[in-house]
Structures are given as C-alpha cells and as structure tokens.
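Every heavy atom of this structure was used, including side-chain atoms; hydrogens, water molecules and symmetry mates were not. Every value quoted in this text rests on a predicted model; they were computed, and no experiment measured them.
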Amino acid sequence: MYVRALPTTDVNRNTEWFTYPGVWTTYILILFFSWLLVLSVFHCSPGIAWTIVHLAHFTVTYHSFHWKKGTPFGDDQGIYNRLTWWEQIDNGKQLTRNRKFLTVVPVVLYLIASHTTDYQHPMLFLNTLAVFVMVVAKFPHMHKVRIFGINGDQ
Amino acid sequence: MITIPYLTAVSTYFSYGLLFAFGQLRDFFRRFIDWWLTTNLHGYAPICLGHEDFYIRRLYHRIQDCFERPISSAPDAWFDVVERYSNDNNKTFKRTTKTSRCLNLGSYNYLGFGSFDEYCTPRVIESLKKFSASTCSSRVDAGTTSVHAELEECVTRFVGKPAAVVFGMGYATNSAIIPVLIGKGGLIISDSLNHSSIVNGARGSGATIRVFQHNTPSHLERVLREQIAEGQPRTHRPWKKIIVVVEGIYSMEGEICHLPEVVAICKKYKAYVYLDEAHSIGAIGKTGKGICELLGVDTADVDVMMGTFTKSFGSCGGYIAGSKELVQYLKHQCPAHLYATSIPTPSAQQIISAIKVILGEDGSNRGAQKLARIRENSNFFRAELQKMGFEVLGDNDSPVMPIMLYNPAKIPAFSRECLRQKVAVVVVGFPATPLLLARARICISASHSREDLIRALKVISKVGDLSGIKYFPAEPKKIEQTKNDIKLD
C-alpha cells in the first residue's frame, strides 16, 4: 500500500519526476482508460479503438518527448534548451530502465493494435509507420541528432 | 525517506497530467487566437524562449492567491494578512484595505526576534537615529561603521571561528562567495537538495558540479572516490580543489545534516567542507550555536561556515566565518564585499543585540528561555501532528516541519481553507519541490504560545480531514486512567 520514495540525484526538475515510484503504472493505466474512453465515445470495434489509442499516443509522445525542447519553467536558466525531454532523462545516460520501458510501450501497443484489427490494411500501414518513427527516435545513436536540421536550433 | 501511499502517487501523476494537458490545449487555442490579432512587435525576439513560462502561466497562475500574500504587520506569532480579490481568475489581484489577523506558521521567526523585542528594538531605533537607514556605500568605500566591525567580532564569538565577514543579503552571500572560492578545474560536490542560492553560485563559478544523494554520506564517499580517480573531465588531470557543500537544516525537509560523517569523509579524502547554516544557526544546539554544537562537531573541522541573519536573528544579511586568511582573501576578492552596498547599520545593530540576548550577555536568561521554548514547541507540534496521522518530515528538534500534501489540488485547498480559519501557512509545490512531493511547510517560532499551537493543531486537523491528507493511521487516544486504581505494594 505504501511505497518508499528515495531522493534522486537528478537535478533536472523536468525529468526527475520520472524516477519516482508509480509512474509506469500510471502510464499504463492512462493508456487503458483512454482505450475504454475511445470505445465508449466512438462505439467502434476494439481493434479500431486500439488503433486510435496507438496513433494518439504516437502524436502526444512524439510531440512531448521528441519535439518540445527545454523545460516548462525558467529556474534552470535555459541550460536544457537544446535538449528534448527524451535527451534529458537520466542525465543523458542511454539504455537505462526508464528508457527501455518507454521504448517497449509503443511496440506493445503496436502489437495489440495490429492483432485486434487482424492486420488489415489501412490500419496496419499507419500503425507500422507510427511505431517505426517512435522506435527509431529512441535509439541511442539518435541522441542529439537532428535529421536534415528538422527541429534544430536557429 | 518519504513513504507515499501508492494510490496517492498514481493519482498525483494523473492530476498533473490532466493539468498539463489542459494547459497545452489552452495554449494551442491561445496561439490560434493570437495569430488573428495584430501586434506591433514584429521583428522583436520573444521574451520567453520556447515554453519556459508554461508552468507559471498555466499552473502557477491558477493558484496564485496562495502565494505572495501581502502582510501589513510585523511577522510575529499573530499578524495581519491583507485581503485581496481577483476579477480575472487569479491573473491580477487588487488589495483591499481589510486585513485579517492570522496565526503565523510561515515566517522564519525561530526565536521571536521578528517583532518588538524589549532589548533589541530600542537599540535599533537609537542606531537608526545615529547612523540612518543606509550606509549608502560599499564596505570598501565608506560603508564600514563601528557597528559593522562589532558585528563581525560578535559573529566570530558566536560561531566559534577566528574571523568572519558580513554581507547585506543572504542569497547573495552564497551566490557571490562560491565563485570566488573555486573556479574552472575545481569540483563542487553538493547535496541534491541544496538551496538554489548554492546552485546558482556553483553554476556561476565554472567548476564541475556533481551531486550526491540527499544526506547519504556513503553515496558522498562513492562520488568522491569516483571523481578523484577520474580527475578533471577530458584531461583527467587531478582536481585543483574539491569543495563539499551541505546545509545544516534543509529548509524543505526539516532534516538535519549528518555532519560528523560528512566531515570524517572529507578529512579522509582531503576535500573542503562548506556548511550553509541558514536555518540552523540560532535555532538548534543547546546555546543556539547551530548544528556543530548539536552534533558535537569541532568548528575547526568545517572550513567555511556560512549562515544568514534572516531566520533566527530577525534581520537581513549573511555571513561567512572561517580562518583569518580565508576571510582576508574574501574581503579582497569577493564582489559582494567590494561593490555591493554594506548591510544597513540598524539591521547590523539588530543582529548584535539578538546575539547578545541569545548568549545571555544582556543580563537576563531570555535567550536560554527562547531556545528551550522553540525546542519544546517544535517537538510538541511534530509529535501531535504525527499522532493525528499526518505525514510530517524532519528530525526531532528541527523547527521546520513539512506536512506532505502530494496532490496538486490539495495545495490550494489546504492553503485557502487554513486562511479562512485564520491560520496562515506556506505551501510549496513544483518546481521548488519534486513533482510528486508538494507540501505545506510549517515553521515554529519561540513566540508561539502553547494555546497558539493547540489552536493551530485543531485547525490543521480539521482542514486535513477535509482535504484528505492524513495518509497514516491516527494513533488512538489513550484512555485516561481513573484516580482510584488499585495500588500494588
């Protein structure tokens, strides 16, 4: 029922919240409840609902993890202004538990979405494109890489 | 070590997620609407880069009435809070002329010097008449009076070091001294929860900064060994200097630093110790001399002792105490000494008088009484809060006690409801604290009487029930024993 929160050594307040207990559970619960919400609002089949959740998850997480740079407050005087959230977590260390978890979640969502739509065509193409972009963006080799200068600094 | 109920953690993340999502939605529509409106600022760079003001605009402004409340009396145990109202949903406030008399649980008025004192205030007024309100000069030019010299001598006697230098502002003491003490090629190892003045000073110095887990001497040792073995980044040359920065009482946790272990480790690896006693000087220790007295650490082992006069002495400014060579070096190099205006003479006189009261040199034992009272008050309040089932952080004897709130909605709920019941508390949230760990921070003062504390406990208990922050089970009240118990011989 109770869980202990050890203080972390991460000074970046923008990413330090991800090291406390309960984040992974909250993330998974939000995905599950949004699936239920989509099902109840759109009255569609479960497969289409999972596809919608997967694509919405792709849009939201791509925008907040890999597009937005910097921190939402000004106390750190802009030292992280060139780094996206994904590049900031765990102080830039690659292949930590948090990063592995965040890479696995879109893949699992993709598998669920493709399975429940029976791998049929327009959904499969969109889902595959989304998961491809998501997973490539999280590769360790893509740390601080800006392809063709997209999202680069002025 | 903070113990959170799991459900509370999950719901707190969810609440923040919802708040951020709504903030992004409103920003999206605002950008759309602003595109249509004309502006005459074409060609100018935006004031805020990216979304660095997102938190302030979309989260902080919603509950802005819980912060920055103006007061219109001295910060005594009871004070007047000015009532204000807002017509545009907390974006701007208008003050009214009405005030409400509230119990003050937020001021750092540890020894009660924040209001009229029978020894200090007449002397301060005399010094104001003689020296006037400001020295209008920096220390090197014309800003050193006999009171300043007496103050530095008083501080050395109080803290127990050979020499001291005093500055006009506590925050500036840290942020201007650390760059003078260490530069590029040096290493600063600071506790992960150090105050932002230390963080600013460390960043401004140009030295490499490493952080160790809060109040964990074993992790400090590990970081020290790793860094000494690796040397400077890229060149791997040995470090020019290593300074370990810790605080006496951490203001957001109320915890007391494990100073003896830290000093032992630093002696072993030949690193310097910088101790920031902002909250602990004058408030803990048998005669109020701070954490070194409380934990039995010899002051000669701590290389740089820094403190502020804003908390226990009821004045302004900060000091650095150290060896004679260190203080002489600082007086020649530190910009806060050379260029900043010196501490106003009446404030300096207030500090001298407060030190004299604490040490008993004014001829009474009021100092000892104040110290005993603050210790009793803190221990009583903390024990009662814990019995009621609140999660209270901090060690025994520490006058700072944060009550954990966690959920972002409970921050304004607690603050506003307490104000309605005439108790003024300070609530702190992200980014001053970690995202999950929002809290209400209570500072006990020696000028609180037992009735004040009992009244505060009643109010906090009721508000705690309303906002659901009693995360631990309350201890059952002991059944009072009747007077005709059978005596066993």
Side-chain angles (χ1 to χ4, degrees), chain A residues 1-34 37 56-57 59-61 63-65 67-85 88-91 151-154, chain B residues 1-18 20-21 23-24 45 48-60 190-194 196 199-200 203-204 209-216 219 223 253 255 391 404 430-437 471-472:
Chain A
M1 237 273 279
Y2 290 101
V3 65
R4 294 201 156 251
L6 283 161
T8 55
T9 53
D10 193 353
V11 274
N12 183 1
R13 292 263 190 230
N14 189 24
T15 58
E16 165 213 44
W17 58 274
F18 210 75
T19 59
Y20 281 91
V23 196
W24 292 11
T25 315
T26 314
Y27 191 14
I28 296 175
L29 282 178
I30 290 182
L31 288 174
F32 179 66
F33 280 115
S34 55
L37 194 69
H57 171 260
T59 326
V60 168
T61 51
H63 178 81
S64 48
F65 291 177
W67 190 266
K68 277 277 184 203
K69 294 196 281 194
T71 53
F73 39 81
D75 293 348
D76 50 16
Q77 296 168 336
I79 51 181
Y80 300 109
N81 271 352
R82 293 169 165 247
L83 298 176
T84 61
W85 192 84
Q88 288 173 32
I89 54 172
D90 290 331
N91 263 319
N151 203 17
D153 312 305
Q154 277 89 7
Chain B
M1 201 72 67
I2 298 178
T3 317
I4 317 177
Y6 200 65
L7 224 52
T8 310
V10 170
S11 68
T12 309
Y13 286 123
F14 182 69
S15 316
Y16 272 109
L18 202 63
F20 268 92
Q24 299 278 17
C48 288
L49 288 170
H51 62 310
E52 68 183 17
D53 58 343
F54 175 79
Y55 182 79
I56 300 246
R57 276 182 299 113
R58 294 302 175 195
L59 276 84
Y60 178 78
S190 89
D191 189 288
S192 67
L193 294 176
N194 268 341
S196 79
V199 174
N200 272 334
R203 285 193 184 145
I209 308 176
R210 289 283 175 264
V211 161
F212 71 94
Q213 226 175 39
H214 173 61
N215 229 357
T216 316
H219 193 243
V223 170
E253 274 70 34
E255 276 173 17
E391 178 165 2
M404 299 308 295
F430 185 71
T433 61
L435 186 82
L436 202 54
L437 309 173
Y471 295 114
F472 288 158

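- Atom CG of A:Asn14 and atom CG of B:Leu435 lie 9.5 Å apart (nearest 0.5 Å).
- Interatomic distance, CG of A:Leu29 versus CZ of B:Phe14, reported as 10.0 Å (0.5 Å rounding).
- When heavy atoms are compared at a cutoff of 4.5 Å, B:Ala432 approaches chain A solely by way of its backbone atoms N, CA, C and O.
- Contact count versus chain B (heavy atoms, under 4.5 Å) is highest, among A:Asn81, A:Thr26, A:Thr8, for A:Thr26.
- Heavy atoms of B:Ile4 lying under 4.5 Å from chain A belong to its backbone as well as its side chain.
- Residue B:Phe430 touches chain A through its side chain alone, counting heavy-atom pairs closer than 4.5 Å.
- Contact of B:Arg203 with chain A is made through the side chain alone, with heavy-atom distances under 4.5 Å.
- Neither the backbone nor the side chain of B:Asp191 comes within less than 4.5 Å of any heavy atom of chain A.
- Contact annotation: the side chain of B:Phe20 approaches that of A:Pro72 to within less than 4.5 Å [non-hydrogen atoms, C-beta and beyond].
- Aromatic ring centres of B:Tyr471 and A:Tyr2: separated by at least 6.0 Å.
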Subject >> Trace of the side-chain contact (heavy atoms from CB on, under 4.5 Å) decision for B:Leu437 with A:Tyr20 >> reply: CA-CA 10 Å; B:Leu437 309 173; A:Tyr20 281 91; 3.8 Å; yes

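- Using the six-membered ring where Trp is involved, A:Trp17 and B:Tyr13 have ring planes that are tilted, between 30° and 60° apart.
- Residue B:Ser196: no heavy atom, backbone or side chain, is found under 4.5 Å from chain A.
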